[in-house]
Structure formats: C-alpha cells, structure tokens
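Data block below; observations after.
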Amino acid sequence: MEYMTTLMENVLRYVGTIALTDWLDIILMAYLLYRALKLVGSSRAVNLGRGVLIFLAALALSDVFYLNSINFILRNIVTWGVLALIVLFQPELRRLLEQVGSSRLGSLNPFARAQQVSTMETTIARTVEACVEMSATRTGVLIVFERQLPLDDIVRTGTTVDAQVSCELLKNIFFVKAALHDGAVIMRNGRLLAAGCILPLSHNTNISSDLGTRHRAGLGMSENSDAVVVIVSEETGAISVAIGGMLKRHLTGQTLEKLLTNELIPQPEEEQKPAFKFRLPWQKKGGKEADEHANK
C-alpha cells in the first residue's frame, strides 16, 4: 500500500512538471499517429499495432519491477524492431506518402476535386449499367469500392488490372467462362485496380440461408473494412449492396446509382443537410409531410 501511494505521488509530481509545450507535443504526436494508422490501417496493421502495444507494456513493466534480463532483451528488440516494421510495411508506407503528397494536398485544389468527382460519377454510371445488364442475364457479380481503408492485402490475392472502368470490361471479367469471374473486382479512386480477388467470408450466423458464398464474401468484406460492396446474385439476378456488415437487397438500377453516389461522393460540409430540424416550442408539430418534402 505504501508503495502504491509513493508511486502515485511520484506520478502526480511528474505530471506537474510537464510544461504546456510538452502537452502540445504529445497531442500533435498522438494526432499524427492517428492519421498514419488511419491511412495505413489494414487488418494486418491493426493486429500488429496491438502486438506493439503489448510489447511496450511488457517493456515498461520489466523496467518498473527491475527485471533486468528481460528489459535488456526487449530494449535490443526495439532497436531492430523499427527497421523490421519499415521493411514489413514498405508498400503501406509508400502508399501513405503518395496519399500525403497527392490526395491530401490535392484536395485543397477545387479543380482536382472536380476531376475526382467526375471520374467517380463516370465509374458509378458504368458500374450500374453493367450490373443492370448482368442482373438481366443472372451473371454473378462482386465489386468492391475501396474508401479510406486500403485493401492492399485483398488486391494481392487477385490479378492487377489498373484500367478505366467500362461496362464491357466488367461484363467480360464476370462472364461465366472467364478466368477471373469467380473472384471480386477492386475499385480504387474510380479505376478498376484488380480482379479475381478473394474476400473474407462473413462469420455472422444470422445470415439468411438463401444467401450463397458471393453474398457472404461481400458481407465479410464490409465487416472487415469501410468498403462498399456491390453484389449481383447468380441464382436470382437480384442486386444487393453490403455496407458496414449490413446488406441492402433487391435494388433497382436507379436506387443502386443513388446509393453509390451518396456513399462514394461525399458532399462538402457546407452542403450537407442537418440531421434534425430545430423547432420552436410554439410551432406546431404538424406538417411532417411538408418537412420531409423540403428535406428531399
């Protein structure tokens, strides 16, 4: 008990010596680390991040409890661990630098944003056109639109294409006798990045029994990332979209285009509509239909 009291007093005394600039330094470093993890963030990065935290906790505890041998080994591992992380995450780090140098700075350019929006609108239109046509012929489709979370691990399971999106290209990829028709297509920044990719299956036990492997793969991808996944059933031709582990089924072409536009082309903050409408106490609660019409 005395040891804990002394420890708490030392901690409080140390916190009291931290200057304002030190707190600012800590906050900035935490923010930069958060942004780096958000850009690099893949399932592998998250798991490795947990391992690093456990390792650092073990290092701190070995120092507190004077475990000199373990502390010596862990400190030497840290020396080589930084180099190992750089080698292990070389593709992700390169992508991080590319995003910092292009998209993040390019987003400040209104012309660059307009070009990105135009490219995405064209991609969505051609994707919807292809899905509607393949729905009519009951051709199985699995298309993944990457968003903030990079899908490099998934891309490596397939074949790199890196081509402009067209209705004909999508129909050729998912043609039943094509070599890549069983896998998923990965879209990145409005381009068809890869095809024939393998997606993780959902482990949700509440999935309807009439959903096959393609739907389970689409749901699994949406559960493990922020991607938007478009699915066309080979059995029924129904068009579905999986987002955040939720499946929206039996979509028309018009509904699919509207949904993809809302999810993949975020509106500027000043153009976004408020989540609720403020009403003064003396105003009537009626006119719900008028309010809904005004918000459309």
Side-chain angles (χ1 to χ4, degrees), residues 1-105 146-158 186 188 194 197-205 220-227 244-245:
M1 188 65 183
E2 294 181 359
Y3 173 77
M4 293 300 298
T5 303
T6 304
L7 179 61
M8 289 300 298
E9 291 177 353
N10 292 334
V11 171
L12 293 175
R13 189 179 300 110
Y14 175 76
V15 171
T17 61
I18 300 178
L20 180 61
T21 54
D22 296 328
W23 285 112
L24 180 61
D25 189 25
I26 293 173
I27 293 173
L28 289 176
M29 286 300 300
Y31 176 76
L32 292 176
L33 181 61
Y34 163 76
R35 298 301 301 180
L37 290 176
K38 188 174 180 180
L39 288 175
V40 179
S42 62
S43 58
R44 183 175 62 170
V46 172
N47 293 332
L48 185 60
R50 293 173 183 170
V52 170
L53 290 177
I54 294 174
F55 177 85
L56 293 177
L59 178 61
L61 290 175
S62 67
D63 190 30
V64 170
F65 293 103
Y66 303 103
L67 304 177
N68 297 326
S69 299
I70 296 178
N71 186 266
F72 174 78
I73 295 174
L74 293 179
R75 287 185 180 277
N76 281 275
I77 291 176
V78 169
T79 305
W80 295 100
V82 175
L83 180 60
L85 288 176
I86 294 175
V87 174
L88 183 62
F89 282 95
Q90 184 269 334
E92 286 80 0
L93 290 174
R94 183 177 63 182
R95 177 165 171 76
L96 169 63
L97 293 176
E98 289 175 352
Q99 289 188 1
V100 170
S102 59
S103 63
R104 295 300 174 184
L105 297 180
E146 179 189 81
R147 291 202 279 187
Q148 293 295 325
L149 186 63
L151 303 178
D152 294 326
D153 291 344
I154 303 299
V155 170
R156 282 191 282 267
T157 65
I186 308 297
R188 174 181 290 172
C197 299
I198 301 174
L199 306 185
L201 297 180
S202 173
H203 297 290
N204 188 348
T205 57
M221 188 73 260
S222 69
E223 292 169 355
N224 290 277
S225 70
D226 63 345

Starting at CG of L151, measure out to CZ of R156 and round the result to the nearest 0.5 Å. 11.0 Å
Gap between atom CG of D63 and atom CD1 of I70 - 0.5 Å precision: 12.0 Å
Under the side-chain contact (heavy atoms from CB on, under 4.5 Å) criterion, do D152 and R188 qualify, and how do the steps go? CA-CA 10 Å; D152 294 326; R188 174 181 290 172; 2.7 Å; yes
Quick one: CD on E223 to CG on L199, what's the gap to the nearest 0.5 Å? 12.0 Å
Quick one, E146 and V155 - any side-chain contact, counting heavy atoms below 4.5 Å? no
Between I186 and I154, what is the shortest heavy-atom contact and its length? CD1-CG2, 3.9 Å
Quick check: does any side chain N or O of S222 sit under 3.5 Å from a backbone N or O of G245, one acting as donor and the other as acceptor? yes
Is there a side-chain contact between N71 and L59 (heavy atoms, below 4.5 Å)? yes
Spatial distance of atom NE2 (H203) from atom CG (N224) [nearest 0.5 Å]: 7.5 Å
Any side-chain to backbone donor/acceptor pair from N76 onto F72? Under 3.5 Å, distance only. yes
Shortest non-hydrogen contact from D226 toward R147: O-NE, 2.7 Å
Closest contact, heavy atoms only, G158 versus C197: CA-SG, 3.8 Å
